[in-house]
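Small disclaimer: the values here were computed from a predicted structure and weren't measured. Numbering of ligands and ligand atoms starts at 1, following listing order.
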Amino acid sequence: MLEKIEETARYLSNLLPETPQSAIILGTGLGGLVNHIQERMEIPYQQIPNFPVSTVEGHSGKLIFGRLGNKNILAMQGRFHYYEGYSMKQVTFPVRVMKELGIQYLFVSNAAGGMNPNFQVGDLMVITDHINLFPEHPLRGKNDPRLGARFPNMSDAYSKELIQKALQIAQDNHIPLQQGVYVGTQGPTYETPAEYKYFRTIGGDAVGMSTVPEVIVARHSGMEVFAISVITDLGVEGIVETASHENVQKAASQVESRMTLIIKDLINQI
Ligand code: HPA
């Protein structure tokens with residue numbers, strides 16, 4: 001695997017004028033952040049050696065290099081989901097390549113269903129921790145110590161420093177910001193009422209079908225992580241705010257500008 005990672009990183013570093021410090025993975029409906037990236041250079045996934053190609057509606061599938069505020073960044077527009085049929089190694093391959101390129105900070109966004117009764121559709125939730133319910137682990141199999149430790153620590157998967165900075169940015173800009181635990185499931189079905197209740201019972205505030213694999217691999221490889229969810233539907237008992245792909249995309253695009261502001265300011269502060 002290391003050879004493939006190196007081959008892909010070599011291809012990209014020959015194209016990129018500079019190595020950015022931060023990378024962003026953009027989730028469902030949040031692709032509009034790329035409109036804030038200046039002096040853009042776009043590289044479609046099909047062009048990148050060893051990259052899987054994304055298939056879901058609303059995920060256009062390209063790497064974008066450019067400036068966000070005063071920093072260079074690399075953004076992934078379109079991610080690879082486990083439910084699409086990719087293996088966990090494929091889902092997380094781009095994160096390995098980011099690390100190989102020298103990127104130190106990973107920012108992840110996603111759409112998620114809220115289980116916390118204090119949440120509303122359109123809320124932003126900083127992820128403070130996760131519960132991994134995916135049926136396959138991205139680190140399963142022989143561990144290559146050049147990539148990371150066999151038994152990585154997950155007690156501080158989400159950077160406390162970045163969370164504090166994000167809360168401050170939100171406060172300064174009068175943006176309400178929730179915090180909570182993200183439950184990662186395989187999908188592609190949204191949850192039954194009983195499943196939402198179960199995920200709430202085990203300690204979840206929001207549930208979604210991504211992020212956890214990428215975060216695990218980023219931490220395995222020693223990157224700092226910040227992740228944020230847009231609450232696009234609710235799985236709270238007695239409240240019907242149903243999940244459908246259209247509703248999820250609509251709700252996500254409505255809060256895109258607030259999420260963009262937080263991530264942009266955060267990247268500019270590090
Ligand atoms: N469940 C799982 N994934 C999701 C949801 C949800 O309710 N909303 C957006 N992505």
Note to self: Any atom of ligand 1 sitting under 4.0 Å from a heavy atom of Ala111?
What the structure shows: yes

Around [atom], find the nearest protein heavy atom and jot down its residue, atom name and distance.
atom	value
atom 3 (N) of ligand 1	Gly208 CA, 3.4 Å
atom 2 (C) of ligand 1	Glu191 OE1, 3.3 Å
atom 5 (C) of ligand 1	Gly113 N, 3.3 Å
atom 9 (C) of ligand 1	Thr232 OG1, 3.4 Å
atom 8 (N) of ligand 1	Asp233 OD1, 2.7 Å

Checklist line | Member of Leu74, Leu63, Ile64, Leu15 meeting the side chain to side chain contact (heavy atoms under 4.5 Å, CB included) criterion with Met41 | finding: Leu15

Margin query: I need the single residue from Pro188, Pro135, Ser87, Pro138 that forms a side chain to side chain contact (heavy atoms under 4.5 Å, CB included) with Tyr82. Which is it?
Written below: Pro135

Checklist line | Ligand-residue contact atoms, ligand 1 with Ala112, heavy atoms, under 4.0 Å | finding: 5 (C), 8 (N), 9 (C), 10 (N)

Next item on the list: Begin from the C-alpha positions of Asp156 and Arg219 and carry the test salt bridge (Lys or Arg N to Asp or Glu O under 4.0 Å) through to its verdict.
Entry: CA-CA 9 Å; Asp156 57 353; Arg219 294 301 294 150; 3.4 Å; yes

Margin query: Any nitrogen or oxygen of Tyr196, side chain or backbone, less than 3.5 Å from one on ligand 1?
Written below: yes

Check: Is there a nitrogen or oxygen of Tyr190 sitting under 3.5 Å from a nitrogen or oxygen of ligand 1?
Finding: no

Next item on the list: Hey, could you give me each pair passing ring-ring contact (aromatic ring centres under 6.0 Å, His included) that has a residue in residues 126-180? Not counting sequence neighbours.
Entry: His130-Tyr158

Notebook entry, point to check: Roughly how far, to the nearest 0.5 Å, is OG1 of Thr211 from CG of Asn110?
Noted result: 3.5 Å

Next item on the list: Ignoring hydrogens and angles, state whether a donor on the side chain of Asp172 or Gln168 is under 3.5 Å from an acceptor on the partner side chain.
Entry: yes

Next item on the list: Quick one: sort the Tyr45 and Phe80 rings into parallel, tilted or perpendicular, breaks at 30° and 60°.
Entry: tilted

